[in-house]
Amino acid sequence: MTNNWMDDPAVAHIDKAKLDFLQSLFFESQTLTKEQMLPFFMSVAKKAMDNHISFSSEEVKTITATIRQHSTPEELDKIDKIEKLMNQRKK
């Protein structure tokens with residue numbers, strides 16, 4: 001996935017700092033194994049809190065849908081796995 005998703009009109013209303021934060025996290029997470037994902041997301045949550053970055057549920061839906069449109073099948077598989085992990089964590 002390239003940075004093209006950040007130029008999509010669907011995310012134009014979202015703060016650029018938030019989009020940059022997500023893009024950097026995506027690149028940091030590319031080489032992680034399934035076992036490394038949960039600790040990574042815990043550190044991401046802390047990093048977001050430390051930087052006062054939060055996302056509304058509508059922003060999350062918009063960003064996820066936009067990223068999916070610009071992703072390869074392999075990236076889509078990884079997104080699905082991340083979403084599954086995040087949903088398990090909420091339970």
Non-hydrogen side-chain atoms of Ile63 and Thr66 separated by less than 4.5 Å: no
Pairwise distance CG(Leu25) to CZ(Phe41) - rounded to 0.5 angstrom: 8.0 Å
Donor + acceptor pair across side chains of Thr33, Gln36 (<3.5 Å): yes
Nearest non-hydrogen partners of Lys78 and Thr31, listed with the distance: NZ-N, 4.1 Å
Reported CG-to-NE2 distance for the pair Asp8 and His70, which is rounded to 0.5 angstrom: 4.0 Å
Distance (rounded to the nearest 0.5 Å) between Phe55 CZ and Thr62 OG1: 11.5 Å
Contact list for residues 53-66, test salt bridge (charged side-chain N to carboxylate O under 4.0 Å, His left out), sequence neighbours left out: Lys18-Glu59
Phe21 vs Lys47 side-chain heavy atoms within contact, under 4.5 Å: yes
4.5 Å side-chain heavy-atom contact, Val60 and Ser57: no
Side-chain heavy-atom pair Val44, Glu28 within 4.5 angstrom cut-off: no
Any side-chain heavy-atom pair of Glu75 and Ile67 under 4.5 Å: no
OG-CG distance between Ser29 and Leu22, expressed to the nearest 0.5 angstrom: 10.5 Å
Straight-line distance of Asp7 CG to Leu19 CG, nearest 0.5 Å: 9.5 Å
Interatomic distance, Asp77 atom CG to Glu74 atom CD [nearest 0.5 angstrom]: 8.0 Å
Salt bridge flag under 4.0 Å for residues Lys84 and Asp80: no
Residues forming a side chain to side chain donor-acceptor pair (under 3.5 Å) with Asp15, sequence neighbours excluded: none
